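Everything on this sheet refers to the single structure shown next.
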Amino acid sequence: MNKIELEIINITQGFTQHHSYAVVLGEVKGKRRLPIVIGANEAQSIAVALENMPPARPLTHDLFKIVMDNFHIQLNAVVISNLMDGIFYSKLVCVFNGEEHEIDSRTSDALALAIRFGCPIYIYSNILEASGILLMEAPENEQVQRVQETSPEKFSAETNYNIYTLKELDKLLKDALAEESYEKAAAIRDELNKRGK
């Protein structure tokens, strides 16, 4: 099965729930984006590693890396290996004593470790095909604004996309992508997928 390399683009505050965040992954050689909802603790752990700000005491993922380093276990890659009922599943591809082992992991934990080990992040192409969002290019004279932390009032769990026509959903999806509102775009994409588009 083909694998596609991803990189972490940013972390945005969640729209559907308080204290939730979305980590946005993007194709290294492409324009598709993949938003994944994560909790506040995982978002903090990923952000701390991305910003290269070591905490006074090790966070859980720092501690896990220290243990792996001390026992000479190398993390070679993270693979997002499945998507079931809206939940992404991942594997840590580790090497110990010359043997490769795959360990099941929550995707948020796998991403936090990938940053700390500097290893690549992959996803199977069929999963990205089913759940990725194609980023539209903005016209040259139009500036795309970065997402700031957004209040939950702008987009709530009560948003009912099944009342919209396909044409309206397409427009909403384009607007959400232009605003880089990835979680909103993912909800619209899910509604489109339900309708078999």
Side-chain angles (χ1 to χ4, degrees), residues 3-81 87-96 101-123 128 131-133 135 143-155 176-177 179-186:
K3 289 188 284 192
I4 296 169
E5 188 172 356
L6 301 174
E7 61 186 341
I8 296 175
I9 304 296
N10 65 12
I11 299 174
T12 62
Q13 188 174 11
F15 296 98
T16 56
Q17 301 170 15
H18 294 294
H19 309 300
S20 75
Y21 294 80
V23 59
V24 181
L25 303 173
E27 282 182 284
V28 170
K29 296 178 181 176
K31 295 179 183 172
R32 286 178 290 185
R33 299 289 184 259
L34 182 71
I36 297 177
V37 177
I38 60 175
N41 290 337
E42 292 79 6
Q44 178 192 22
S45 186
I46 290 170
V48 162
L50 283 174
E51 297 296 323
N52 213 2
M53 299 182 311
R57 299 292 296 146
L59 297 175
T60 304
H61 299 105
D62 299 313
L63 177 61
F64 198 70
K65 182 182 187 305
I66 291 167
V67 170
M68 288 176 72
D69 286 344
N70 279 320
F71 286 95
H72 308 289
I73 302 168
Q74 180 59 42
L75 179 61
N76 281 356
V78 162
V79 179
I80 300 172
S81 56
I87 298 171
F88 291 94
Y89 292 80
S90 294
K91 293 188 182 298
L92 304 175
V93 181
C94 300
V95 174
F96 177 64
H101 302 272
E102 290 188 354
I103 301 168
D104 285 328
S105 171
R106 293 189 315 166
T107 300
S108 55
D109 293 329
L111 295 175
L113 287 170
I115 299 164
R116 286 163 171 80
F117 278 92
C119 73
I121 302 162
Y122 296 104
I123 187 169
L128 187 60
S131 58
I133 299 169
L135 186 65
Q143 265 192 326
V144 177
Q145 295 181 350
R146 301 295 296 168
V147 172
Q148 300 299 320
E149 287 197 22
T150 309
S151 63
E153 294 85 75
K154 286 196 179 178
F155 177 64
L177 290 169
E179 296 165 5
E180 294 187 16
S181 298
Y182 296 114
E183 192 170 342
K184 182 177 178 182

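Everything numeric here is computed off the predicted structure, so don't read it as measured data. Excluded from the calculations below are hydrogen atoms, water molecules and symmetry mates; all remaining heavy atoms, backbone and side chain alike, are included.
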In Å and rounded to the nearest 0.5 Å, what is the OH to CG distance from Tyr122 to Leu128? 14.5 Å

Specify the closest pair of heavy atoms between Phe96 and Phe71, including all atoms of both residues, with the distance to one decimal. CE1-O, 3.3 Å

Only one of Thr107, Ile36, Leu111 passes side chain to side chain contact (heavy atoms under 4.5 Å, CB included) with Ser90; say which it is. Thr107

Checking side chain to side chain contact (heavy atoms under 4.5 Å, CB included) between Glu27 and each of Ile123, Ile4, Ile9, which is the one that passes? Ile4

Once side chain to side chain donor-acceptor pair (under 3.5 Å) is applied, do any residues pair with Asp62, and if so which ones, sequence neighbours excluded? Arg116

Side chains of Cys94 and Met68: does their closest heavy-atom pair fall under 4.5 Å? yes

In short, Ala110 meets Ser105 closest at the heavy-atom pair N-OG, 3.5 Å

Would you compute the distance between atom CD of Glu102 and atom CG of Asn76 and round it to the nearest 0.5 angstrom? 11.0 Å

Using 0.5 Å steps for rounding, measure from the CZ atom of Arg33 to the CD1 atom of Ile133. 10.5 Å

Given the rule in the side-chain contact (heavy atoms from CB on, under 4.5 Å) test, do Asn41 and Thr60 qualify, once you have shown the distances and angles that lead to the verdict? CA-CA 10 Å; Asn41 290 337; Thr60 304; over 6 Å; no

Could you give all pairs that pass the salt bridge (charged side-chain N to carboxylate O under 4.0 Å, His left out) test and reach residues 40-57, with sequence neighbours left out? Glu42-Arg106

Is there a side-chain contact between Ile115 and Ile46 in this structure, where contact means two heavy atoms from C-beta onward sitting under 4.5 Å apart? yes

Under the side-chain contact (heavy atoms from CB on, under 4.5 Å) rule, collect the residues that match up with Ser131, sequence neighbours excluded. Leu34, Leu83, Phe88, Ile127, Arg189

Assess whether atom CZ of Phe117 is packed by more than 12 heavy atoms of other residues, nucleotides or ligands within 6.0 Å. yes

Nearest 0.5 Å, please: how far is OH in Tyr21 from OG1 in Thr12? 10.0 Å

For Glu7 and Val28, indicate whether the former's side chain and the latter's backbone hold a donor-acceptor pair under 3.5 Å. no

Which pairs pass salt bridge (charged side-chain N to carboxylate O under 4.0 Å, His left out) with one or both residues in residues 71-80, sequence neighbours excluded? none

Between Val78 and Val93, is the side-chain contact (heavy atoms from CB on, under 4.5 Å) condition met? List the steps. CA-CA 6 Å; Val78 162; Val93 181; over 6 Å; no

Partner residues of Asp69 under the side chain to side chain donor-acceptor pair (under 3.5 Å) criterion, sequence neighbours left out: Lys65

Just to verify, what does Lys91 make a salt bridge (charged side-chain N to carboxylate O under 4.0 Å, His left out) with, not counting sequence neighbours? Asp104

